[in-house]
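Here is the structure we will look at.
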There are 2 protein chains.
Amino acid sequence: MARLTNCITMMDEGVGRVSQIIPQMPALEARLCRLMLMLGDDIEEELEFKLKPHKLNHSEFLTLMILYSRPDGSSTPGELCEYATQGATNMTRIANALVKRGLITRGASEEDRRRVLIRITPAGRRFVQKMLPPMFPRVATMFAGFSDTDKRHLDRLLRKLAGNLDQLGENRRS
Amino acid sequence: MARLTNCITMMDEGVGRVSQIIPQMPALEARLCRLMLMLGDDIEEELEFKLKPHKLNHSEFLTLMILYSRPDGSSTPGELCEYATQGATNMTRIANALVKRGLITRGASEEDRRRVLIRITPAGRRFVQKMLPPMFPRVATMFAGFSDTDKRHLDRLLRKLAGNLDQLGENRRS
DNA sequence: GGTTCATATTTCACTGGTGAATTAAAAAAT
DNA sequence: ATTTTTTAATTCACCAGTGAAATATGAACC
């Protein structure tokens, strides 16, 4: 049976019952929130599934892709943390793993000797170019039946949501 | 600076550069995919932030809410696993934690003695009713500036995406 | 009715990720 | 110029979640 659809049905019923007991709950918003969480998790699962044969996990893959997508193919742990949304601790481990596989190199920065320079290797580039294309069909399938307008709408709404989340994030830190 | 917006800008540039090297990449779909992952993570972070004062994590909260939203306030580990999307192993730990806090009880099932019956306690209900309302304002803020049509659209598109993900999920398992 | 197979839960060993403390270098203050 | 503060990366100890095996019960088969 369709796992997600099943969960969603159950969630709809649950929210319905809760908002009868607690009517001031923003039910529609809560549902959208739950939907985003469920889909996010499921997409992550799908991604990890495609990465498993290559013995990469999500954060290692993302880190490698950021480097690959850089004009000069290099960055620093701190910057990678920011864009991969990872703690510095974990980035150390990720870099260790990728260095061990020869996909990146780690070296000292000349200008600022606190910094470490991380660079994707030719082998790393070849690896990405080989593993990426087989993932395309399933990514495309995710949006099967979406018209161009659907995709544009979704894109717009998600970016709008991102803006609001950033505001929440600001006063979460302060 | 706005964290998510910053990551998104960087992601847009990255996808742009990658799809110049590998033009057959479904760039729009890949971007939507990344957006869903980023927003999912950020919403989770926001949620955990609101849960921290209550010393609950996401999966414990979700489990408790499922029970709360049940007409009879009870379920079994297996069923909770399904709806909370957790492994059985982790559900054991979650139940241990909630039992220890007196929010649920665990007992043997009469009909099927392999099963365990989990039930929310009156204290568990009071706990939910007290902790939930303070979360509403921030949930509402997430969708500030969304018209009713926007919300309906987003809801429709996310459910459609869920349908597609279910299909992928099917042949992932088989 | 006993054997085989399937299901529900738990235990154990491991992976991925985080916060707090550490080390070292750069920048700012006096 | 020296001290103080800030920034970058790493190490260590811990929390959350997973897969494989163990245990126990129920269902199906003959």
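Below, chain A is the first sequence line, B the second, and so on; all start at residue 1.
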### Summary
A:Thr89 meets the side chain to side chain contact (heavy atoms under 4.5 Å, CB included) criterion, sequence neighbours left out, with none
### Message
B:Ala84: which residues meet the side chain to side chain contact (heavy atoms under 4.5 Å, CB included) condition with it, sequence neighbours left out?
### Response
B:Leu62, B:Thr63, B:Ile66, B:Gln86, B:Met91
### Query
Under the salt bridge (Lys or Arg N to Asp or Glu O under 4.0 Å) test, which residues partner B:Arg113, sequence neighbours left out?
none
### Query
Can you name the salt bridge (Lys or Arg N to Asp or Glu O under 4.0 Å) partners of A:Glu82, sequence neighbours left out?
none
Throw together a table of side-chain donor-acceptor distances under 3.5 angstrom for residues 22-36 of chain B, partners on residues two or more places apart or in other chains.
unit_1	atom_1	unit_2	atom_2	d
B:Glu29	OE2	A:Lys151	NZ	2.7
B:Arg34	NH1	A:His58	NE2	3.4

Show which side-chain atoms of residues 143-150 of chain B pair as donor or acceptor with protein atoms under 3.5 Å away, not counting sequence neighbours.
unit_1	atom_1	unit_2	atom_2	d
B:Ser147	OG	B:Thr149	N	3.4
B:Ser147	OG	B:Asp150	N	3.0
B:Ser147	OG	B:Asp150	OD2	3.4
B:Asp150	OD1	A:Arg156	NH2	3.2
B:Asp150	OD2	A:Lys160	NZ	3.4
B:Asp150	OD2	B:Ser147	N	3.2

### Query
How does protein contact run along nucleotides 9-19 of chain C, one letter per nucleotide 5' to 3', with B for base contact, S for sugar-phosphate only, - for none, heavy atoms under 4.0 Å?
SBBB---SBBB
## Note on the structure
5'-most to 3'-most nt of DNA chain D touching chain B (<4.0 Å, heavy-atom partner on protein side) reads D:dA16 to D:dG26
### Query
Which residue pairs satisfy the salt bridge (Lys or Arg N to Asp or Glu O under 4.0 Å) criterion with at least one member in residues 85-108 of chain B, sequence neighbours excluded?
B:Glu60-B:Arg93
